[in-house]
Amino acid sequence: MQSILIIEDEEKIARFVELELKHEGYAVEKATDGRTGLTLAESGNYDLILLDIMLPGINGIEILRRIRRESDVPVIMVTARDAVMDKVSGLDMGADDYITKPFAIEELLARIRVTLRKKKDSAAVQSSVLHCSGLTLDANRFKVAYNGIPIELTAKEFALLQALMQNKNIVMTRDNLLSNVWGYDYVGETNVVDVYIRYLRQKIDEKFKTKIITTIRGVGYVIKED
Ligand code: CA
């Protein structure tokens, strides 16, 4: 269950939003002053924070500034009507979105869904590290290692290994790999795949005395993991 923290001093609004969010299946906690809100926010227990700007104690902008020192938890700012400056400084400070009071609950729910989804997508990109039989491939950092020992690969070798690891336990034909790594419009020797598989084997299988890349005779290649 995803949990949402509401920091809002207007009890009626806080209560109403709490009920609606619970009805949608979220776990909800609320704080009605800035200090309590900040303490709860800093606990790191939430998937999203709804943050009012005008609050007793510490205002929303300051709370956001402190949250952002150590966390990228999604924050939706709740601003008074036409408080353009608040919106601008909220977004500058790293708010993910804002909504203006008074708001329709449907709009708030939609913004919460979108913000949570964006967060999930970016988490997926960040964790684009592939693992297989002792090999790790970090696509964002262009790094490959075998049991923690770095392996130097060229761009094409890297792309070929990535294609195999993304499809581990699935036999990839030479055509699959050609179009994946060299592109559909590749013109040149069709044995280029075999050549690069040989390079990879020299750098991985032979170097580390293992057998990671398997040839499926007459078909193609596979990286298997039991
Ligand atoms: Ca307020």
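Reckoned from all heavy atoms, side chains included, excluding hydrogens, waters and symmetry mates. Ligands are counted one by one from 1 in listed order, and the atoms in each one are counted from 1 as well. Keep in mind that this is a model prediction, so the values were computed, not measured.
More than 12 heavy atoms of other residues, nucleotides or ligands sit less than 6.0 Å from atom NZ of K168.
When all heavy atoms of I7 and D33 are compared, the pair lying nearest together is CG2-O, 4.1 Å. Across all their heavy atoms, L109 and L21 have their closest contact at CD2-CD2, 3.6 Å.
Using a distance-only test at 3.5 Å, with no hydrogens or angles considered, a donor-acceptor pair links the side chain of K203 to the main chain of E152.
Taking the six-membered ring where the residue is Trp, Y196 and W182 present perpendicular rings, their angle passing 60° and hence far from 30°.
R174 pairs by the side chain to side chain donor-acceptor pair (under 3.5 Å) definition with D194, not counting sequence neighbours.
Distances from the Ca ion (ligand 1) under 3.0 Å pick out these protein N/O/S atoms: D9 OD1, D52 OD2, M54 O.
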